[in-house]
Protein chains: 2
Amino acid sequence: MSVVRSRREQILDVAAQLFARHGFHGVSIADLGAAVGVSGPALYRHFPGKEALLAELLVGISEHLLAGGRERAAASEDPREVLAALVEFQAAFALREPELIVVQDRDLANLPTAARRRVRRLQRTYVEIWVDTLRRIHPALTVESARVAAHAAFGLLNSTPHTARTPDTAALLRRMALAALDDL
Amino acid sequence: MSVVRSRREQILDVAAQLFARHGFHGVSIADLGAAVGVSGPALYRHFPGKEALLAELLVGISEHLLAGGRERAAASEDPREVLAALVEFQAAFALREPELIVVQDRDLANLPTAARRRVRRLQRTYVEIWVDTLRRIHPALTVESARVAAHAAFGLLNSTPHTARTPDTAALLRRMALAALDDL
DNA sequence: TAACAAGGTTAGCGCTCATTAACCGCCGGC
DNA sequence: GCCGGCGGTTAATGAGCGCTAACCTTGTTA
């Protein structure tokens, strides 16, 4: 975490923000260049194209989430502890990077097919960690219902882009998510 | 609810589906025309432009939700009954019209300023119904926290576009939402 | 010191797209 | 039986965009 970020990281950062605010198609290469202080085609020195830039963002997010999920799942035998850790992890990410949350589910469709498949696969695997954990806690739960519940929890936690972030928001969201997932 | 819908309604319908799948900028006027069986500029006989079409969709959604919310809020003195009715209403809408859910929060930014303000205002008023109801149930809750909780509940209920809709999904989502909103 | 790679620049190409123009057939009411 | 408007059509226009080309500067290195 150095203070001087490479141009590459800088571009990814402002791309996340602009894509979040205006959508992938609502941001031009020229806009992106302007936002980092260079103009237009300079970006091609760092990325092969606009879609590749989006791909790197989205693949990065999914890999980060999956890695974090695996880590939490491996950290305990008790599925309730795992669930609490997963909720905490997802809430922290959603609060730290609300723009990425927005871009991830809004602009998936704009990825080239290969990258889209890759992201989908990573996401699915991440969801399955939640599904497995939920079913260990509630053995009567079907896979389908557990999946619905997991997505509902994501929706709840990922609501951060729509709200002001007050100091106790994290705790509130965690508590709500755990309550929702408790009486399945 | 006639079987023969006017061309106008038909256009709005397919626009909702295409916008949901590909995003506002990902759908051309020609695509839209083709999807209703006419081609391209014929749409200008029914709408002054592409943005006006989006505006009609989004304003329609917000008005529908606000009207439904007001109705539920006026139907009972007991805030817990009101909350249950609100949850049921939002869940039913999210399950019936997942495409509209997607378009509503994805393409708000593509509205012309006037319409965007209008939609924002309607949405805010709808949220305030939830906030007031929550605070009547939990008097210690601050306005900000109630707002966070309301948006979290929307996120949970509006997760329908991400999941297969099995027969008991509605009940599951309602139960989760009420559980999340109960121990605030 | 000469060469080169890295990272900029501006100009321009080709394409897509929203919108407008100009034209046309049909059909209901005077 | 005419005629006006409603709802279509195709062609054209003009803007914006992604991307490539050609060129330049600078710092590093053999």
Counterpart residues, side-chain contact (heavy atoms from CB on, under 4.5 Å), relative to A/A177 (two or more places apart):
A/V87, A/L156, A/L157
Please identify each residue that fulfils side-chain contact (heavy atoms from CB on, under 4.5 Å) with A/R165, with sequence neighbours left out.
A/L95, A/P98
Indicate, with yes or no, if B/L65 and B/L57 share a hydrophobic cluster defined by side-chain heavy-atom contacts under 4.5 Å among Ile, Leu, Val, Met, Phe, Trp and Tyr.
yes
Which atom pairs, one a donor and one an acceptor, fall under 3.5 Å between side chains of residues 38-54 of chain A and the rest of the protein, sequence neighbours left out?
from  : atom 1 : to    : atom 2 : distance (Å)
A/K50 : NZ     : A/F24 : O      : 2.9
A/K50 : NZ     : A/V27 : O      : 2.7

Contacts to DNA chain C from residues 102-113 of chain B, heavy-atom cutoff under 4.0 Å, which residues?
none
Where do B/D182 and B/R175 land on the salt bridge (charged side-chain N to carboxylate O under 4.0 Å, His left out) test, with the steps shown first?
CA-CA 10 Å; B/D182 208 39; B/R175 200 140 51 86; over 6 Å; no
Mind checking what makes salt bridge (charged side-chain N to carboxylate O under 4.0 Å, His left out) contact with A/E63, not counting sequence neighbours?
A/R118
Sequence-distant partners of B/H64, ring pair (Phe, Tyr, Trp, His ring centres under 6.0 Å), two or more places apart:
B/F89, B/F93
Name the first nucleotide and the last nucleotide along DNA chain C (5' to 3') that come under 4.0 Å of a heavy atom in chain A.
C/dG7 to C/dA11
Linking I/L/V/M/F/W/Y whenever their side-chain heavy atoms sit closer than 4.5 Å, directly or via other members, would A/V14 and A/V102 fall into one cluster?
no
Test side-chain contact (heavy atoms from CB on, under 4.5 Å) applied to B/A84 - qualifying residues, sequence neighbours left out
none
Residues two or more places apart in sequence or in another chain: which of them pass side-chain contact (heavy atoms from CB on, under 4.5 Å) with B/R147?
B/V127, B/E128, B/V131, B/V143, B/H151
Hey, can you pull the residues of residues 14-35 of chain A with a non-hydrogen atom under 4.0 angstrom from DNA chain D?
A/V27, A/S28, A/I29
Which parts of residues 41-52 of chain A get close to DNA chain D, meaning a heavy atom less than 4.0 angstrom away?
A/P41, A/Y44, A/R45, A/G49, A/K50
Give me each pair satisfying side-chain hydrogen bond (donor to acceptor under 3.5 Å, both in side chains) with a member in residues 88-103 of chain B, each pair once, sequence neighbours excluded.
B/Q90-B/Y126, B/Q90-B/N158
How close do B/G69 and B/I129 get, counting heavy atoms only, and between which atoms?
C-CD1, 3.8 Å
